[in-house]
Every structure is written in structure tokens, then in C-alpha cells.
Trainee: 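Dropping the structure in here first, questions after.
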Amino acid sequence: MPCPYWIAIVAALVPTFFLMGRRKAPRPGPDSRKQIHETRILADVAKMEEKRNSSLEMGSMSHGLSRTEYHVFLSFRGPDTRANFTDSLYHTLLDKGISVFIDKQGIDVGDEISPEIYQAIDDSKICIPIFSKDYASSSWCLHELEHMMQRWKTNELEVMPIFYDVEPCDVKLETRVYADALTLHKEKRGAEIVQRWMEALREVTGIKGWDTKNTGHGELAHLIARKVSVKLKVSSVHISDHLVGMDESANEVVDLLNVEYKDVRLIGMWGMGGIGKTTLGKVVYNKLSTNFDSCSFISDIREASQGSSLLNVQRRLLSDIVGNVGVELSSIDHGKNMIKNRFCKKKVLIFLDDVDHENQLMALVAKEEWFGSGSRIIVTTRDISVFCKLQDQFEHCLIYEVKELNNLTALRLFSKHAFRCNSPPNAFLSLSEKVIAKTGGLPLAIEVIGSLLCGKKEERVWQDTLKKMEYCQQKDVKKKLMLSYQALDHLQQQIFLDIACFLAGRDKSYPYYMWDGCGFFPSEGIDILLLMSLVKIREKNKLWMHDQLKDLGKSIVYEENCKDPTKGSRVWWDWQGGPDIVQQKKGTGTAAAYYDQSEVPLQDFVLTSKDFIEAPNIRFLELSDWALSGDFGDLFSELRWLTWCGCPKEMQATNFCPKNLVILDLSWSSSIDEHWAGWTQLKVATRLKVLNLSHCIMLKETTELSAFLSLEKLILEGCEMLTKLSDSIGMLKY
Ligand SMILES: *[C@@H]1O[C@H](CO)[C@@H](O)[C@H](O)[C@H]1NC(C)=O
Ligand SMILES: *[C@@H]1O[C@H](CO)[C@@H](O)[C@H](O)[C@H]1NC(C)=O
Ligand SMILES: *[C@@H]1O[C@H](CO)[C@@H](O)[C@H](O)[C@H]1NC(C)=O
């Protein structure tokens with residue numbers, strides 16, 4: 001069974017895998033990956049003939065790995081699994097380009113385990129113990145386990161247990177399967193060591209693992225290899241993310257901003273999407289932030305200021321710099337005055353990320369005299385013309401063009417993603433250089449294409465990719481990124497588009513409920529997207545997608561919509577589109593979002609059942625301050641996720657029966673209470689897992705929950721009037 005909670009574990013990885021290299025094993029010479037692979041296997045076979053204590057000739061396929069010798073250490077009892085499962089796992093891992101330490105003998109040949117084994121565990125990032133019936137009869141295996149669990153406790157490596165033909169309860173010593181073996185060890189080796197082994201055994205069962213019961217060996221090996229790839233990817237990217245090639249440019253910007261001077265300076269970091277402006281800005285921001293009275297970092301201004309939200313951005317800036325302002329901002333001008341009055345005595349550092357219109361700058365940082373002496377403002381943008389007006393207002397309005405990566409740095413970044421090390425194997429050097437030349441030195445493109453080619457060992461595949469890249473214009477990043485999108489299967493593409501259009505920035509566990517409900521295999525899909533660098537999981541478990549990739553996703557959807565407006569898969573009403581788009585694009589969408597437009601003169605926002613008649617398969621619907629009206633019989637039967645903020649007091653919809661709903665979010669619906677007519681209709685949603693009633697301030701009592709027996713999360717944040725939980729809460733399964 002694939003484990004649905006995996007990503008949570010991945011995201012929680014502590015980036016401390018790199019141990020200092022202690023032992024320099026002989027490395028394979030400059031050889032092709034294929035040859036290395038073969039040498040590797042030959043070495044293993046040869047080793048079977050060797051004595052244990054001879055030096056270990058384990059060539060690592062990813063030569064160039066600097067500090068860690070192995071990606072994975074396999075611990076298993078030879079006679080139980082060597083010939084079948086372990087072997088198939090081993091080869092599957094190798095095929096994915098993962099270097100594996102495997103001790104081919106796997107049997108006791110003496111009491112003392114050789115120091116090389118401990119070293120190999122220390123030099124691995126992930127240890128996989130394979131628990132078979134007789135695992136515990138081997139003191140060798142138990143030594144290995146004890147050692148890896150010690151490292152695990154200090155976060156030095158990951159442990160991924162596999163329960164081969166035993167249950168976790170056997171390993172936990174709750175049955176005789178392992179307990180008998182330990183009793184024997186105790187007689188031979190004394191109580192003290194056995195006590196440590198028992199602890200290790202109990203601890204390891206606390207880690208989520210796999211069992212081989214319901215999955216074929218080949219498939220399981222494949223699943224595990226993919227999880228390992230994801231883990232290695234996440235840990236290696238942690239390290240490469242910010243640092244490759246950043247230092248030099250960061251120092252240049254720091255020099256330009258020179259904090260020693262008392263003047264006010266604004267720097268515009270300008271460059272194309274995907275070139276690394278935000279990352280560079282963040283590095284600079286972190287270096288400088290201690291020099292200021294207050295700092296504010298506002299990401300994604302372009303997106304955040306759509307519609308009426310520029311006001312929200314002003315609020316955010318004010319609250320970062322001066323805390324609660326105590327009054328509601330009534331208009332952009334009001335906000336400007338407020339900023340001017342409150343900031344002029346303060347030395348502030350402000351980072352405005354991804355500005356795409358000069359209005360945004362005018363609303364936030366229009367004039368030098370708004371800011372106290374020594375203040376610094378960093379702006380990133382794709383469009384240099386946003387600075388036109390500011391140049392007259394600031395004495396120091398500096399422009400810094402963010403340049404492509406140089407060849408050397410590009411090669412390092414590429415290798416991180418394609419080979420998980422700092423430089424490519426020699427046989428792939430010239431191909432890598434060619435691919436990099438086609439990326440135009442854009443970090444994002446290098447990362448995405450590198451990931452696309454990761455584990456691909458055939459030159460033909462590389463040549464094909466190169467050819468496809470040649471068709472794109474040098475500057476047309478989207479088309480290059482498109483290659484990765486095309487490599488996804490249909491379901492993975494759906495997940496990608498959902499994230500690009502709606503879900504970037506959200507906690508990833510919630511979309512899982514929806515995708516799972518629709519049969520999209522989300523754990524697998526997200527793994528693949530992570531491996532392809534198309535999505536990342538950032539702090540607080542949030543899905544993160546690069547702007548350029550979000551743009552790609554949206555443009556794919558736009559194109560679908562344009563080709564045949566009745567077939568568009570996703571609809572959103574954004575600021576540019578204006579109200580008409582709702583009418584035009586009702587199509588057979590599967591996902592839609594309609595946001596409020598509070599700056600549009602007040603009017604009734606009503607969607608009727610007619611608007612959805614051609615969208616019987618809609619599975620995601622997000623409404624903000626809209627009413628639904630009409631007969632909804634037969635509609636919404638596929639709906640999995642309904643967000644209905646500001647839902648009106650009167651329930652005008654009839655026969656409303658989203659019977660497959662798994663997430664219902666009614667937050668900020670300040671006019672509904674426990675007597676709201678919608679509750680009765682919503683009782684059909686027997687599969688509901690998440691009910692969000694945050695800030696439903698009129699709610700005095702939770703609604704009757706007995707219909708929602710599968711409910712896992714009930715969110716009642718900010719329900720100020722709530723005094724009573726309905727009794728039926730005791731009936732819930734979770
Ligand atoms: C795996 O191999 C071992 C030893 O050769 C054997 O005892 C065991 O039955 C095999 N397991 C399976 C599932 O084939
Ligand atoms: C980088 O590599 C490309 C293609 O290999 C080459 O044309 C270019 O001159 C190189 N640039 C530098 C600065 O070496
Ligand atoms: C519940 O709603 C609140 C308010 O809209 C929101 O901040 C929060 O993220 C929501 N939680 C979930 C799990 O959707």
C-alpha cells in the first residue's frame with residue numbers, strides 16, 4: 001500500500017544528512033554511468049567471494065558525491081531475502097541512479113561486526129531494514145539496526161523499515177517470532193546488549209514503513225525506489241536551492257544598498273521569470289534585516305493585488321512595520337497616507353516581490369520622504385517599466401539586472417538535479433553542457449529539465465530532449481517547461497493544473513482529500529511532481545509552485561478554454577476577466593473559483609443552477625460572497641471540495657446534494673447559524689472529512705454532526721458565539 005502520509009514525513013526532513021566524509025573509498029574512474037553501473041555489480045559479485053574484513057570496494061555510481069558515500073544502506077538477513085526481494089529492491093534502486101550499500105553475505109560470521117559496516121551506515125542517507133522471519137536471529141542484523149537507530153534519533157539519517165513476512169507486532173516483540181530469538185541471544189551475549197536491541201526493535205516500529213502483503217515485489221521495490229528518490233531530492237534541493245551561484249550577486253546587491261548610508265534607497269531587481277530574482281532578494285533581505293527597526297517581506301504582489309486586494313497588501317505592510325494600526329483602511333489613498341505618516345520616522349527594510357504594475361509601487365512606496373533615514377526598499381519585477389515614475393521620486397532608485405547563471409554554476413545546479421551531485425559523469429558532460437546552453441541559463445529551466453532527465457541513462461532520450469528544446473525560441477521558457485508537463489500522465493497533469501490554478505500556497509493535506517476522492521492517486525502524483533521539480537513543499541507543509549510554472553499551468557487551461565469554451569477544465573474569475581467571464585466560461589469545467597469583487601459597485605452575485613448545467617463533473621468550487629439559487633438536483637454529485645465563504649443567510653438553492661463532498665469550507669459566513677436551511681440539504685454529504693466553520697460568528701452551537709460520520713477535521717477558529725458542541729460529536733469515528 002502506498003502510504004498517503006508520506007509527504008508529511010518528507011517535508012519534515014531535517015536537512016542534516018550530510019555527515020563529514022571520514023573514509024575515502026576508492027572511486028570509479030571517469031567512466032560512463034553505464035560502465036560504472038556494471039563495474040558496480042561486478043564488484044558486488046566479486047565481493048561475495050571476499051572475506052568480510054577485506055576493504056569494501058563499493059563503487060558509488062554517483063561519483064562526484066562529495067560527502068556521502070551511499071544514498072541507501074540495506075540491512076537484511078541474507079538467507080531470508082537475499083535472492084528474491086532484496087535483490088529486486090537493490091536493482092530497482094540502482095536503476096534509478098541511487099547508490100546502495102549492500103552487504104552481500106548478510107550472515108553472521110562472528111560476533112563482532114566489522115567497522116566498515118558501521119561506517120557505511122554513517123555514510124548513508126537512508127537505511128532500509130528488511131524485517132524477515134529470521135532477521136532477529138542474526139546478531140549482525142541487530143547490530144546494524146541498533147547503530148542505525150542511534151543515528152536516526154539524532155536526525156543523521158532516515159530509516160524506512162520494510163516488514164517483509166512479519167508484522168510490526170512481531171518486531172515490537174509482542175509475539176514470539178522475534179522474542180524467542182532474543183531470548184537465545186540473551187543466553188549467549190548477555191542481557192545488556194539484548195536490552196539495547198530490544199529498544200531498537202521497538203523504536204523502529206514507530207516509523208511508518210511498508211509491508212509486502214498486498215503488493216507484488218517488483219511493484220513494491222518500484223514504490224520504495226521512488227520514495228527514496230523523493231527523499232534524496234528533497235534533501236539535496238534543500239542545500240542547492242539558495243546557494244548555487246548566489247553569493248556573488250548577493251554581495252553586489254548588498255554593496256549597492258550599502259546600509260552605512262543614511263539616505264533612502266530603492267533597488268529594482270529586474271529580470272525574466274525563472275531567473276532567480278526572488279531567491280536573490282531573499283538572500284539579500286536575510287543578510288540585511290538585522291540593521292533595521294522593522295522589516296516587511298511581501299511575496300507575490302502581482303497575485304496578491306488582483307482585484308481589490310491592493311488594499312490588503314497595504315494592510316499587510318502596515319501591520320508588519322507598525323503592528324496593528326487600529327483603524328480600517330477605507331481606500332488606497334487612505335492607506336498611502338497611513339504609510340507616509342507611520343513610516344517617516346522609521347528605518348525600514350521592505351521587500352516587494354514580483355511587482356507587475358506601477359500602481360502597486362505607487363500604493364506602497366511612492367515617495368522617498370515616506371520613509372525614515374537609512375530605509376531600504378527591494379523590489380523584484382519582470383517589467384522594468386514599473387520604475388518609470390519612481391525614478392523622479394527617489395534620488396537613489398537603482399536598477400540591478402539579474403543575469404543568467406554562468407556556465408559553471410549552471411552545470412552545478414543542473415547536476416544536482418540530474419545526477420544528485422555537483423558535476424555530471426564524464427560521459428554526460430558534453431550532453432549536459434548542450435542542454436544547459438538551451439536553457440538560456442535560467443535556474444528554473446535548468447532545474448526542471450535536469451529533473452526531467454534524472455535517472456535517464458540512454459543517450460537517445462537526452463538527444464530527443466535536446467531536439468525538442470531546439471524547437472523553442474531561446475527566450476521561450478514556457479515551451480521548455482512544457483516538456484516536463486508533457487512527460488506527466490493524465491492524472492498527474494490534473495494535479496499539476498489544480499495546483500497552478502488554485503492550490504499553490506495551501507497546506508497540501510487538504511487537496512489530498514479531494515484528489516483521493518477523485519481517484520487521482522495523489523501521493524504518487526505529488527511524488528512525481530516533486531521529483532520533476534514542478535512543485536515543492538515549503539514550510540508549514542504548503543504546496544509551492546514557481547510563478548513561471550503557475551503561469552504555464554494557467555496558460556494551458558486558457559488554451560483549452562479558447563479552443564472550445566465549453567470544454568475548459570478550470571474556470572476562475574480573476575480581476576482582468578471581470579464579471580463576463582462567468583457567463584462565457586461556464587463550460588464543462590471540473591474546477592471553478594468565483595471570488596468577490598468588493599470594489600465593484602455592490603450588486604447581487606448569484607450563480608444559478610443553469611450556470612452549472614454543463615459542468616456536471618465539477619469537483620472543486622470556490623465561492624466568495626456569491627449566492628446559489630435554483631434547483632440543483634443532479635448537479636454537484638461529483639463535487640468534492642466546496643468553499644463557500646460569506647454564504648448568504650437565505651439558502652436559495654433547492655435539491656442541493658453534493659453527496660460526494662469531502663471538504664466543506666463555510667468560513668467567514670457571518671450570517672449563518674445552526675438553524676441555517678442549508679444544513680439539512682448538506683446531510684447527504686456522508687463522506688465529509690473536513691468541515692471548516694472558522695469565523696462563523698453567529699454560530700452558537702455546532703450543527704448536528706451525526707450525518708458526517710467520516711469527519712476527521714472540524715475547524716471552529718474564531719467562532720465567538722459558540723457555546724456548545726453538538727452531542728453527536730461523540731459519534732464520529734476519528
Ligand atoms: C525468498 O528466498 C528465500 C530463500 O531463498 C525463500 O526461503 C523464500 O521462500 C523466498 N520467498 C519468496 C516469497 O519467494
Ligand atoms: C557557455 O557555454 C556556451 C555553450 O557551450 C558557450 O557558447 C558560451 O560561450 C559559454 N559562456 C561562457 C561565458 O563561457
Ligand atoms: C479554514 O478557514 C480559515 C478562514 O478562511 C482559513 O484561514 C483556514 O486555512 C481554513 N482551514 C482549512 C483547513 O481549510
Side-chain angles (χ1 to χ4, degrees), residues 4-5 7-8 11-12 298-300 303-304 306-309 311-313 315-316 319-320 495 498-499 501-518 522 526 537-545 572-573 591-598 605 619-627 639-649 658 660-674 676 678-679 682 685 687-699 702-703 705 708 710-722 725 729 732 734:
Y5 302 109
I7 301 299
I298 305 185
S299 50
D300 256 337
E303 207 157 282
Q306 282 188 3
S308 57
S309 311
L311 211 53
N312 286 336
V313 180
R315 274 185 205 119
R316 166 79 196 281
S319 88
D320 281 355
I495 293 178
D498 279 355
I499 299 174
C501 295
F502 304 110
L503 301 173
R506 306 211 197 182
D507 181 323
K508 70 158 217 313
S509 38
Y510 297 96
Y512 264 54
Y513 287 118
M514 168 176 71
W515 292 322
D516 210 24
C518 304
I526 292 287
I537 304 222
R538 287 277 166 97
E539 63 278 5
K540 300 200 193 128
N541 219 11
K542 280 186 180 157
L543 291 168
W544 181 87
M545 189 179 271
W572 61 96
W573 181 20
Y594 299 108
Y595 302 114
D596 70 320
Q597 301 294 328
S598 24
F605 291 112
R619 59 188 161 79
F620 173 90
L621 179 62
E622 200 160 87
L623 304 172
S624 188
D625 293 321
W626 288 79
L639 195 62
R640 296 302 189 312
W641 184 340
L642 174 63
T643 297
W644 194 359
C645 297
C647 132
K649 190 172 161 93
N660 283 311
L661 207 60
V662 282
I663 302 182
L664 176 61
D665 184 346
L666 294 171
S667 55
W668 299 104
S669 295
S670 48
S671 42
I672 65 170
D673 60 14
E674 58 279 13
W676 180 55
W679 294 123
L682 282 165
R687 301 187 183 161
L688 200 68
K689 297 217 162 117
V690 181
L691 178 56
N692 191 351
L693 299 173
S694 305
H695 307 284
C696 288
I697 46 172
M698 297 297 283
L699 219 54
T702 60
T703 167
L705 296 168
F708 309 133
S710 308
L711 201 65
E712 291 175 18
K713 298 213 161 89
L714 174 63
I715 302 156
L716 298 168
E717 200 187 324
C719 293
E720 289 162 9
M721 306 269 276
L722 194 75
L725 292 175
I729 200 160
L732 303 183
Y734 292 91

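Both counts, for ligands and for their atoms, begin at 1 and track the order of listing. Atom set for the values below is all heavy atoms of this structure, side chains included, hydrogens, waters and symmetry mates excluded.
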Trainee: Taking all non-hydrogen atoms of both residues, which atom of I537 and which atom of L543 are closest, and how far apart?
Mentor: CD1-CD2, 4.3 Å
Trainee: Which atoms of ligand 3 are found less than 4.0 Å from any heavy atom of S667?
Mentor: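 Result: 2 (O), 4 (C), 5 (O).
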Trainee: If we ignore hydrogens and angles and just use 3.5 Å, is the side chain of W679 paired with the main-chain N or O of D673 as donor and acceptor?
Mentor: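 The answer is yes, because a donor-acceptor pair under 3.5 Å joins these two groups.
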Trainee: Please find the pair of heavy atoms, one from C518 and one from R640, that lie closest to each other, and give the distance.
Mentor: SG-CG, 3.6 Å
Trainee: Could D516 and K689 be called an ion pair, given the rule that one side-chain N must be under 4.0 Å from one carboxylate O?
Mentor: no
Trainee: Over all heavy atoms of both residues, which pair between I672 and K649 is shortest? Give the atoms and the distance, please.
Mentor: CG2-CA, 4.5 Å
Trainee: With heavy atoms of W668 as the reference, note each atom of ligand 3 found under 4.0 Å away.
Mentor: 4 (C), 5 (O)
Trainee: Which one holds for V690 and ligand 3: side chain close, backbone close, both close, or neither close, with close meaning a heavy atom under 4.0 Å?
Mentor: neither
Trainee: Please list, in number order, the atoms of ligand 3 under 4.0 Å from a heavy atom of Y510.
Mentor: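 With Y510 as reference, the close atoms of ligand 3 come out as 13 (C).
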Trainee: Would you mind running through ligand 3 and noting each atom that sits below 4.0 Å from a heavy atom of I715?
Mentor: 11 (N), 12 (C), 13 (C)
Trainee: Can you tell me how the ring of Y510 sits relative to the ring of Y513, calling it parallel under 30°, perpendicular over 60° and tilted otherwise?
Mentor: tilted
Trainee: Could you identify the single nearest non-hydrogen protein atom to atom 11 (N) of ligand 3 and state the distance to 0.1 Å?
Mentor: N692 ND2, 2.8 Å
Trainee: Look at atom 7 (O) of ligand 3 and say whether a protein heavy atom is found at less than 4.0 angstrom from it.
Mentor: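 It does not: no protein heavy atom is found less than 4.0 Å away from atom 7 (O) of ligand 3.
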